[in-house]
> 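Okay, handing you the structure first.
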Amino acid sequence: MRRLMMWLLVLATAFMGLFTVPAKADGAVEIDIATLSPQLLDLSQPDQRITLTGTIRNNSDQAISSTSVHFWRSSKPLTDHDELEQTLTSEPNDPRGQRLRENPEDPGNHQDVGDLAPGASVDFTISTTVRDLALASGGGAYLLGVQARGALPTGGRQTVGRARVLAVAAKNPLPVTTIVKLAPRPTLLSDTNFQDASLQDQLTGELEQLLLAAEQPGTQVLLDPSLLMELRTLEGEHTVAGQPATPSSVAGRFRERIESLIAEGRVMRLPFGNPDLARLHAAGSLTEFEAALAWPKNALSASGLTAVEQLPLVADLGDNASQDLALILGLHGYKTIFGNNIQSSGSLEDNRHSMRVGVLRVADPRLPGIAPGDTTTPAQVQGRRLAEGLLGSSPPVHLVRSASEIADAQPIPRLEQAVDLPEVPTTARFDESPATVVTWPKLSAELAELFGEANLLQELTGTDRTTVNATVASRASSGSFTSEEQALAYIRATPIEQLDINAITLSVTSQVVVGSDKNYFPVTIKNPLPVAITVQVRFTSDALNRLSVATSEKVTIGPGESPTINVTTSTRSNGVVTVKAQLETVAGTRFGPQIPVEITATGLGRVGWIIIIISGAVVLGGTFLRIRAVRRERSRGET
């Protein structure tokens with residue numbers, strides 16, 4: 001009996017082996033789906049024909065005979081974004097789905113491609129109808145695909161490869177918001193001088209392509225107001241790196257086209273200069289960041305761009321969006337926040353301050369599709385894009401930041417349609433672990449020095465430096481700079497960099513001899529700055545009760561001038577006294593080094609003359625008394 005059972009087990013094992021698929025058979029061929037047409041399935045049209053094209057390739061070291069390609073589908077729809085994310089990372093046979101059986105009435109749902117030698121590949125085209133797909137009713141994203149069957153030498157006919165692609169059930173094109181960002185690198189250094197000619201070059205290159213894309217129907221714009229200011233300057237008399245340049249008619253037409261978009265209500269404004277807000281937020285304290293948020297506001301107010309001030313204020317945070325930063329910006333008047341790393345679009349509110357800010361996730365229109373096979377074909381990329389748009393919390397937002405992104409970001413004809421910026425009532429969700437922001441400490445130090453000397457420069461020049469410094473700081477912090485070195489080169493080329501207070505010098509002799517209670521000696525002040533300054537010289541005496549030097553008169557010194565002025569000494573005793581001279585603003589702020597001066601007071605002062613007079617009187621009096629005594633002696637002798 002035991003022997004009989006053993007023989008039955010051996011026979012059963014052998015019998016099962018005849019029908020067991022070798023582990024390496026499924027995946028012996030690679031299938032790439034090149035196109036899916038159409039990618040919007042209208043389930044209300046049973047006769048709508050769905051066509052797949054692609055390539056099948058034998059990647060194994062064995063020949064595969066009698067190979068055929070069959071239409072495959074999963075009838076269960078994906079109805080939310082989380083389910084889509086799980087499916088994108090699933091195994092090739094999950095979900096299982098079913099391949100369509102060969103149908104004599106519709107032979108197009110499979111294709112016999114014959115024998116495939118190792119390394120051989122064949123193109124295929126298969127199709128079916130919505131009726132034969134027998135998909136579940138209702139909207140959603142579906143998995144369609146290909147299943148390849150063939151015979152390997154090591155086994156019978158079996159599944160040797162698979163491929164999947166996403167299709168969306170929708171009667172109408174899906175909504176999508178396309179936004180073009182116009183924020184080139186700042187190049188204007190002063191009122192009329194440009195750092196280089198790159199802006200003029202871009203007006204017929206990169207910027208022209210972006211503006212053409214922005215002018216497409218339904219497209220919206222993010223505008224750095226600083227660009228309009230630079231275009232206006234470029235239209236008139238200006239210099240490039242200090243050299244005269246021809247006024248640009250191209251800049252004038254470019255500006256007029258932007259102003260037309262503003263008049264159509266299609267423009268949102270970025271902060272003036274497009275400063276990298278995430279970098280500024282990470283570089284210092286909250287107080288410092290809030291001070292930095294005032295820079296673009298002050299700069300815009302001084303620019304005279306009144307129409308732009310009325311546009312909604314928005315921020316593009318790129319890969320560095322965070323809830324904390326978004327809330328701060330909302331409290332400072334920002335209406336919408338864009339970010340690549342936002343998990344889900346929505347809004348943030350602060351009831352205490354009656355604040356609400358929209359937070360919109362910037363979608364990547366080039367995300368790969370679903371494996372196995374090539375996930376970057378047009379069918380795969382467009383299928384993923386449409387599924388993301390259908391199952392996301394709001395219509396996707398495509399933000400064009402460079403001309404190279406234009407083609408991918410624009411709506412796909414017949415599949416997508418442009419819509420206005422979406423409003424999402426749900427709460428925005430952010431990545432739990434956002435990327436670390438790379439700060440630029442050298443630039444931060446330059447800006448700190450700029451504002452640290454602002455009050456002193458204001459006292460020296462008699463001009464308000466608030467808006468000047470704010471404009472320079474906003475531009476130097478621009479997110480359009482690709483490196484810290486590029487930003488440093490810009491700020492160091494600005495005229496404000498030439499306002500080095502330490503360059504103002506005071507010259508005075510190290511030793512002075514005075515011979516009266518009131519005397520004078522000269523001091524020289526040199527102003528190498530490109531602006532006029534008003535200063536005075538203050539002296540500090542080591543022995544004020546013996547000698548002092550009065551503060552000099554206020555003197556206004558033009559650029560490059562070095563006047564010499566006289567200062568007055570007051571002495572009350574003889575001797576040597578050291579005084580220290582230092583420059584001072586008219587408001588009383590001292591700056592620069594203290595210069596020691598050794599002043600020697602001789603005996604030729606008032607006290608000296610008194611002593612001389614008294615001494616002379618004593619001598620004269622003594623002489624008179626002596627003469628009188630002699631006469632008396634003589635008179636006695638004669639008597």
Side-chain angles (χ1 to χ4, degrees), residues 31-46 48 50-52 54 70-100 128-147 162-176 342-346 361-398 411-412 414-417 422 424 426 429:
I31 304 173
D32 297 331
I33 298 176
T35 65
L36 167 62
S37 178
Q39 287 195 287
L40 292 182
L41 310 179
D42 187 352
L43 301 186
S44 66
Q45 300 294 324
Q48 183 186 42
I50 315 299
T51 302
L52 286 171
H70 299 260
F71 211 114
W72 173 94
R73 87 297 193 213
S74 171
S75 60
K76 180 183 178 182
L78 308 176
T79 56
D80 62 61
H81 194 267
D82 290 340
E83 193 175 8
L84 172 63
E85 291 292 328
Q86 295 173 5
T87 303
L88 289 169
T89 57
S90 64
E91 295 296 325
N93 60 350
D94 181 20
R96 296 188 63 83
Q98 302 86 27
R99 68 175 180 273
L100 299 185
T128 190
T129 63
V130 167
R131 179 187 294 105
D132 289 342
L133 287 176
L135 302 176
S137 60
Y142 290 88
L143 284 174
L144 306 182
V146 173
Q147 201 175 81
R162 305 168 189 266
R164 303 174 293 176
V165 68
L166 288 160
V168 169
K171 293 182 179 182
N172 300 312
L174 301 182
V176 61
I342 297 169
Q343 285 188 359
S344 178
S345 298
R361 175 179 178 268
V362 176
D364 184 353
R366 290 293 304 171
L367 290 174
I370 187 168
D374 187 354
T375 60
T376 61
T377 65
Q380 293 286 2
V381 172
Q382 290 187 8
R384 168 79 177 273
R385 171 171 167 168
L386 294 172
E388 293 273 0
L390 179 70
L391 303 178
S393 59
S394 68
V397 174
H398 294 160
I412 305 172
R414 298 181 300 279
L415 300 179
E416 294 176 327
Q417 62 181 355
V424 187
T426 57
R429 290 190 298 133

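Worth saying up front: this structure is predicted, and the values here are computed from it rather than measured.
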> Step by step, work out the side-chain contact (heavy atoms from CB on, under 4.5 Å) result for Leu415 and Arg385.
CA-CA 10 Å; Leu415 300 179; Arg385 171 171 167 168; over 6 Å; no
> Let me confirm one number: the CG-OG1 distance from Leu84 to Thr79, rounded to the nearest 0.5 Å.
10.5 Å
> With a 4.5 Å cut-off on side-chain heavy atoms, are Gln147 and Ile31 touching?
no
> Let me see the working for Gln45 and Val130 under side-chain contact (heavy atoms from CB on, under 4.5 Å), right down to the final yes or no.
CA-CA 7 Å; Gln45 300 294 324; Val130 167; 5.8 Å; no
> Going from OG on Ser345 to CZ on Arg429, what distance comes out if it is rounded to the nearest 0.5 angstrom?
10.5 Å
> Take Leu391 and Asp80 through the test side-chain contact (heavy atoms from CB on, under 4.5 Å) and record every step on the way to the result.
CA-CA 5 Å; Leu391 303 178; Asp80 62 61; 5.8 Å; no
> Test your reading of the model: is there a side-chain donor-acceptor pair from Gln380 to the backbone of Val165, 3.5 Å cut-off?
no
> Between atom OH of Tyr142 and atom CD1 of Ile50, what is the distance when rounded to the nearest 0.5 Å?
12.0 Å
> Measuring only between side-chain heavy atoms, which start at C-beta, is Pro38 closer than 4.5 Å to Gln48?
yes
> Backbone N or O of Pro368 within a donor-acceptor pair of the Arg384 side chain at under 3.5 Å?
yes
> Go through it in stages, so that I can follow the logic: the residues are Asp132 and Phe71, the test is side-chain contact (heavy atoms from CB on, under 4.5 Å), and I'd like the CA-CA distance, side-chain angles, deciding distance and then a yes or no.
CA-CA 10 Å; Asp132 289 342; Phe71 211 114; over 6 Å; no
> Looking at Gln417 and Pro411, would you say the former's side chain and the latter's main chain have a donor-acceptor pair under 3.5 Å?
no
> Return the minimal non-hydrogen interatomic distance between Pro77 and Gly140, and the atom names on each side.
CB-CA, 4.4 Å
> Can you find a pair of side-chain heavy atoms, one from Leu143 and one from Leu166, that are under 4.5 Å apart?
yes
> Closest heavy-atom contact between Pro396 and Ala363?
CB-CB, 3.9 Å
> When rounded to the nearest 0.5 angstrom, what distance separates CD in Gln39 from CG in Leu144?
9.5 Å
> Might you point out which heavy atoms bring Val176 and Glu416 nearest each other, and give the distance in Å?
CG1-CB, 3.8 Å
> For Ser44, check side chain to side chain donor-acceptor pair (under 3.5 Å) against everything at least two apart and list the hits.
Asp42
> How far apart are the closest heavy atoms of Ala387 and Ala141, and which atoms are they?
CB-CB, 4.1 Å
> Work out which heavy atom in Ile412 is nearest to a heavy atom in Gln382; give both atom names and the distance.
CD1-CG, 3.9 Å
> Looking only at atom types and distance, does a side-chain atom of Arg164 sit under 3.5 Å from a main-chain N or O of Pro372, one as donor and one as acceptor?
no
> Can you tell me if Gln343 uses its side chain to pair, donor with acceptor, with the backbone of Arg361 under 3.5 Å?
no
> Quick one: does any side-chain atom of Thr377 pair with a main-chain N or O of Ile33 as donor and acceptor, under 3.5 Å?
yes
> Is Arg73 reaching over with its side chain to a backbone N or O of Leu133, donor-acceptor style, under 3.5 angstrom?
yes
> Got a donor-acceptor contact below 3.5 angstrom from the Asp374 side chain to the Asp32 backbone?
no
> Atom CG of Leu40 and atom CG of Leu174: how far apart are they, to the nearest 0.5 Å?
5.5 Å
